[in-house]
Amino acid sequence: MAKRRRIYEGKSKDLFEGPEPGTIVQHFRDDVTAHNNKKQGVITGKGVLNNRISEYLMLRLHDIGVPTHLIRRLNMREQLVREVEIIPIQLVIRNTVAGSMATRFGIDEGTPLPRSIVEYYWKSDEFGDPIVSEEHITAFGWAAPQDIDDMLALALRINDYLAGLFFGAGLKLVDFKLEFGRNYDENGDMRIVVADEISPDTCRLWDVETRKKLDKDRFRQDLGNVAEAYQEVARRLGVLPTSGPGDVAESKTVQ
Ligand code: TMP
């Protein structure tokens, strides 16, 4: 393949210039980081699994009319995505107390929440992604009130849908993170689309029966068998790659 221009090197993914204007190639690596980059490692095969899992989940969102940046998967580690203007806010949607919420409020991990809670975090490596309010987001110009409304409505819809989808696979969607971008069509009209990835790197997923953690917490908390956990999620979703040629072929283009 001709040398491509890398436009961004992330903690676990790289972005390359796409084949046509307005497109980007998203490459999933095996690198993993936690605790704001203080803990680093490699989970062999993670990039392949996350590429597949994220493709699958974004396609399911597309099925229910939620716009995403995905155009199609290109190969084992890459997908073609629409170029978007990333909104520098992460939305975290929580159904059950875990992670930083358990620490911040001293509530036992696993405590169910009476309703789903959405939190906003400013994407800033320098400042450790601090939690922010809607007022911060609008005052600092990170997003307009309408953008926040759109992201919130999409996030709640995605949560309802994915919680059911995962439950059907014997997995509890404890919490997850979403990123959004602004995508402009040929007339210059803007729409907010889901960007980045949705995978065991960005979701907490517990076995419904045993509460076994099947996500990045296995790395964060040194629980072992990290790759096996990601494989288990892929297997339950029916997307575990085999070594057949189907893995190399491109997937269907999202219309
Ligand atoms: P937290 O409990 O550490 O705040 O994380 C909440 C959820 O968001 C969890 O599923 C992991 C995900 N997440 C990311 O994907 N990226 C991040 O940078 C952070 C802070 C959380």
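What you are looking at is a predicted structure, and each value in this text was computed from that prediction instead of being measured.
- Under a 3.5 Å cut-off, the side chain of Asn75 and the backbone N or O of Glu78 do form a donor-acceptor pair.
- Remark: the Glu55 side chain and the Asn51 side chain contain no N/O donor-acceptor pair separated by less than 3.5 Å.
- Checked for salt-bridge contact, Asp185 and Arg82 miss the test: no charged N lies under 4.0 Å from a carboxylate O.
- Linking Ile, Leu, Val, Met, Phe, Trp and Tyr residues whenever their side-chain heavy atoms come within less than 4.5 Å leaves Leu70 and Val84 in two separate clusters.
- Taken from OG1 in Thr44 to CG in Leu49, the straight-line distance is 10.5 Å, to the nearest 0.5 Å.
- In this view, Arg157 satisfies the salt bridge (Lys or Arg N to Asp or Glu O under 4.0 Å) rule with no residue, not counting sequence neighbours.
- At least one side-chain heavy atom of Arg72 sits under 4.5 Å from a side-chain heavy atom of Leu74.
- Checking Lys39, Lys216, Arg220 one by one against Val32, the side-chain contact (heavy atoms from CB on, under 4.5 Å) holds for a single residue, Lys216.
- You'll find the side chain of Asp129 reaches within 4.5 Å of the side chain of Gln90, heavy atoms only.
- Remark: Glu209 CD is loosely packed, at most 12 non-hydrogen atoms of other residues, nucleotides or ligands lying under 6.0 Å away.
- Here the closest heavy-atom approach between residue Met58 and residue Glu197 is recorded as CE-CA, 3.9 Å.
- Nearest heavy-atom pair, Ile87 versus Trp142, reported as atom, atom and distance to 0.1 Å: CG2-O, 3.9 Å.
- Summarising the geometry, atom NE2 belonging to His27 is positioned 11.5 Å from atom NZ belonging to Lys13; distances are rounded to the nearest 0.5 Å.
- Under the 4.5 Å side-chain heavy-atom criterion for Ile, Leu, Val, Met, Phe, Trp and Tyr, Leu240 and Val226 are members of the same hydrophobic cluster.
- For Phe127, the ring-ring contact (aromatic ring centres under 6.0 Å, His included) partners are Trp122, not counting sequence neighbours.
- Residues Phe140 and Val132 fall within the same hydrophobic cluster, defined by Ile, Leu, Val, Met, Phe, Trp and Tyr side chains chained together at heavy-atom separations under 4.5 Å.
- Counting only distance, with no hydrogens or angles, the side chain of Arg4 and the backbone of Leu15 share no donor-acceptor pair below 3.5 Å.
- The pair Asp215-Arg204 does not count as a salt bridge, with every side-chain nitrogen at least 4.0 angstrom from each carboxylate oxygen.
- When side chains are defined from C-beta on, Asp150 does not count as touching Phe180, because their heavy atoms never get closer than 4.5 Å.
- When hydrophobic clusters are built by joining Ile, Leu, Val, Met, Phe, Trp and Tyr residues whose side-chain heavy atoms come closer than 4.5 Å, directly or via intermediates, Leu162 is grouped together with Leu214.
- For the residue pair Asp31/Ser12, the side-chain donor-acceptor check at 3.5 Å is not satisfied.
- Here CG of Asn159 is found 8.5 Å from CG of Leu178. Values are rounded to the nearest 0.5 Å.
- For Glu179 and Lys123, the salt-bridge test passes: some basic side-chain N is under 4.0 Å from an acidic carboxylate O.
- At least one donor-acceptor pair closer than 3.5 Å links the side chain of Arg218 to the backbone N or O of Leu223.
- For the atom pair Asn183 CG and Asp189 CG, the distance stands at 11.0 Å (nearest 0.5 Å).
- Both the sub-6.0 Å distance and the 45° axial angle are not jointly satisfied by Arg182 relative to the ring of Tyr184.
- Both Leu154 and Leu59 are assigned to one and the same hydrophobic cluster, defined by single-linkage of ILVMFWY side chains at heavy-atom distances under 4.5 Å.
- Remark: the backbone N or O of Ser116 is not paired with any side-chain donor or acceptor of Asn95 at under 3.5 angstrom.
- No more than 12 heavy atoms of other residues, nucleotides or ligands sit less than 6.0 Å from atom NZ of Lys172.
- Smallest separation of non-hydrogen atoms from Gln40 and Phe219: C-CZ, 3.7 Å.
- Proximity of Val254 to Thr68: side-chain heavy atoms (C-beta onward) are nowhere separated by under 4.5 Å.
- The distance from the CD atom of Glu109 to the CE atom of Met101 is 12.0 Å, given to the nearest 0.5 Å.
- Between Leu173 and Cys203 the shortest heavy-atom distance is CD1-CB, 4.1 Å.
- Using modelled atom types, no side-chain atom of Asn225 and backbone atom of Glu228 make a donor-acceptor pair closer than 3.5 Å.
- Every salt bridge (Lys or Arg N to Asp or Glu O under 4.0 Å) that Arg6 has, sequence neighbours left out, goes to Glu9, Asp14.
- For the pair Gln79 and Ser54, the tightest heavy-atom approach, listed with the atom from each and the gap, is NE2-CB, 4.5 Å.
- Contact record, Leu113 with Ile117: CD2-CD1, 3.9 Å, taken as the closest heavy-atom pair.
- The distance from the OG1 atom of Thr23 to the CG atom of Leu80 is 5.0 Å, given to the nearest 0.5 Å.
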